[in-house]
Amino acid sequence: MEPGNLTGVPDFLLLGISEEPELQPLIFGLFGSMYLVTVLGNLLIILAISSDPHLHTPMYFFLSNLSFVDICFTSTTIPKMLVNIQTHSKAISYGKCISQIYFSTHFAGLDNFLLTAMAYDRFVAICHPLHYSVIMNCWLCGLLVAVCWAISALHSLLEILMALQLSFCANLEIPHFFCELNLVVQLACSDTFLNNLVMYVVTVVLGGGPLAAIFYSYTKIVSSVRKLSSARGKYKAFSTCTSHLSVVSMFYCSAISVYLSSAVPHSSHSIVIASVMYTVVTPMLNPFIYSLRNKDIERAIKILLGKVTARG
């Protein structure tokens, strides 16, 4: 088919993780299992926190929101990929592709902002412990989460409105398992300078800003912990941050990899690998990271499972 400007945009084609037919059952089983673990693990965290009054604190309030966002994040991309493998189809309609861009951008941004809010919570807890309950009150926690949702929604809306102005050529193959904004923009026949400019500026502001805030919070936390005379006190302070730091490291390393790969021509395979990390692997590992070394979460999960078993 000769490339040309299309008045009515047909379906996009998601090429997926691999185009090898013999690998499709393996990919379906692997990603289906990962999606199931992600949903059940994060749902268990949410139920455990909501059912235990001892966990109704700012730290676990942010964690339950993060778990909810992770469920939504993976549900935006993985089910469509599994359906396409099962039906031996690569097609996704223009409307569904635009919707997928909106929600994947929205929930990725929410992950970013919630991790920043959690870093601020740890900063106040360790650097200002006597004023923690006053500063991190219910009103402020609710406001922080509401601001996270609002900024992320506005950012996604901006990206979508700009993407809707683009016209596309006949070649609509996306070398990815979901509609990644960068790759979709690259398929456009019209001028994409403004789209790319906005994407890069937003990445620096909404990506670099929260990362800088997290870094600043932890420099203050390290400075405060070093002043503690008790080794046990230092260990206890750092132990409350290790889970958050692990998740932050995984999320930002994979997100930065996607950003750097998108700047290099013919690097779609690298984008897919990095995207799998922050859209699938990180949300799946979050429940394990936050529960394995957290006695409060472990106790709440045991109590919850005990209640379910007793009712069963």
Side-chain angles (χ1 to χ4, degrees), residues 11-19 23-43 66-115 152-153 155-157 159-160 163 172-187 199 203 207 247 250-259 261-262 268-287:
D11 292 348
F12 288 88
L13 296 178
L14 296 173
L15 301 184
I17 303 294
S18 172
E19 296 187 67
L23 292 179
Q24 299 309 306
L26 176 62
I27 294 173
F28 181 88
L30 177 62
F31 279 83
S33 302
M34 293 170 71
Y35 177 65
L36 187 62
V37 171
T38 300
V39 172
L40 292 179
N42 283 286
L43 186 60
L66 182 67
S67 294
F68 174 74
V69 169
D70 282 342
I71 292 174
C72 297
F73 195 11
T74 52
S75 298
T76 302
T77 58
I78 302 303
K80 178 58 181 174
M81 183 187 72
L82 298 178
V83 169
N84 280 7
I85 293 176
Q86 192 67 22
T87 58
H88 305 286
S89 170
K90 299 178 181 179
I92 180 171
S93 67
Y94 176 77
K96 289 182 179 179
C97 187
I98 291 295
S99 298
Q100 201 172 63
I101 292 174
Y102 175 83
F103 287 110
S104 60
T105 305
H106 177 55
F107 292 123
L110 271 173
D111 263 349
N112 179 28
F113 297 135
L114 285 173
L115 289 173
S152 183
H155 164 228
S156 302
L157 183 61
E159 298 287 8
I160 286 300
L172 297 179
E173 293 184 346
I174 303 174
H176 213 312
F177 63 93
F178 73 97
C179 290
E180 179 81 34
L181 177 61
N182 293 333
L183 297 178
V184 173
V185 170
Q186 289 176 15
L187 297 177
M199 280 192 290
T203 300
V247 174
M250 287 193 302
F251 179 82
Y252 276 102
C253 286
S254 55
I256 291 173
S257 298
V258 171
Y259 176 76
S261 299
S262 64
S268 57
H269 185 66
S270 301
I271 295 177
V272 172
I273 295 174
S275 296
V276 169
M277 285 298 298
Y278 87 90
T279 60
V280 184
V281 177
T282 300
M284 181 185 68
L285 294 180
N286 282 358

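Fair warning: this is a prediction, and the values are worked out from it, not measured in the lab. By convention here, the first residue in the shown sequence is residue 1.
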Is any side-chain heavy atom of [Y] closer than 4.5 Å to one of [X]?
X: Val184; Y: Cys97; value: yes
X: Asp111; Y: Leu66; value: yes
X: Met81; Y: Leu14; value: no
X: Leu172; Y: Leu13; value: no
X: Tyr94; Y: Asp11; value: no

List, one per line, each side-chain donor-acceptor pair under 3.5 Å for residues 276-287, sequence neighbours excluded.
from	atom 1	to	atom 2	distance (Å)
Thr279	OG1	Ser275	O	2.5
Thr282	OG1	Met277	O	2.9
Asn286	ND2	Asp70	OD2	2.6

Side chain to side chain contact (heavy atoms under 4.5 Å, CB included) evaluation trace for Ile160 with Ile101: CA-CA 7 Å; Ile160 286 300; Ile101 292 174; 3.7 Å; yes

Distance, nearest 0.5 Å, that separates [atom1] of [X] from [atom2] of [Y]:
X: Ile71; Y: Thr76; atom1: CD1; atom2: OG1; answer: 11.5 Å
X: Asn84; Y: Lys80; atom1: CG; atom2: NZ; answer: 4.0 Å
X: Phe103; Y: Ser152; atom1: CZ; atom2: OG; answer: 11.0 Å
X: Phe177; Y: Leu82; atom1: CZ; atom2: CG; answer: 10.5 Å
X: Phe73; Y: Thr105; atom1: CZ; atom2: OG1; answer: 8.5 Å
X: Ser18; Y: Gln24; atom1: OG; atom2: CD; answer: 6.0 Å

Qualifying residues under ring pair (Phe, Tyr, Trp, His ring centres under 6.0 Å), relative to Phe178, sequence neighbours excluded: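 Phe178 satisfies ring pair (Phe, Tyr, Trp, His ring centres under 6.0 Å) with His176 once adjacent residues are dropped.
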
For Ser104 against Gln100, the heavy-atom pair lying closest together: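 Ser104 and Gln100 have their closest heavy atoms at OG-O, 2.7 Å.
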
Nearest atoms (heavy-atom pairs only) where Cys72 meets Phe107: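 Of all heavy-atom pairs spanning Cys72 and Phe107, the closest is CB-CZ, 3.4 Å.
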
All N/O donor-acceptor pairs, side-chain side in residues 30-41, below 3.5 Å, sequence neighbours left out:
from	atom 1	to	atom 2	distance (Å)
Ser33	OG	Gly29	O	2.7
Tyr35	OH	Ser75	OG	2.8
Thr38	OG1	Met34	O	2.7

Salt-bridge present (Glu173, Lys90; N to O < 4.0 Å): no

Other residues, nucleotides, ligands: >12 heavy atoms within 6.0 Å of Phe68 CZ: no

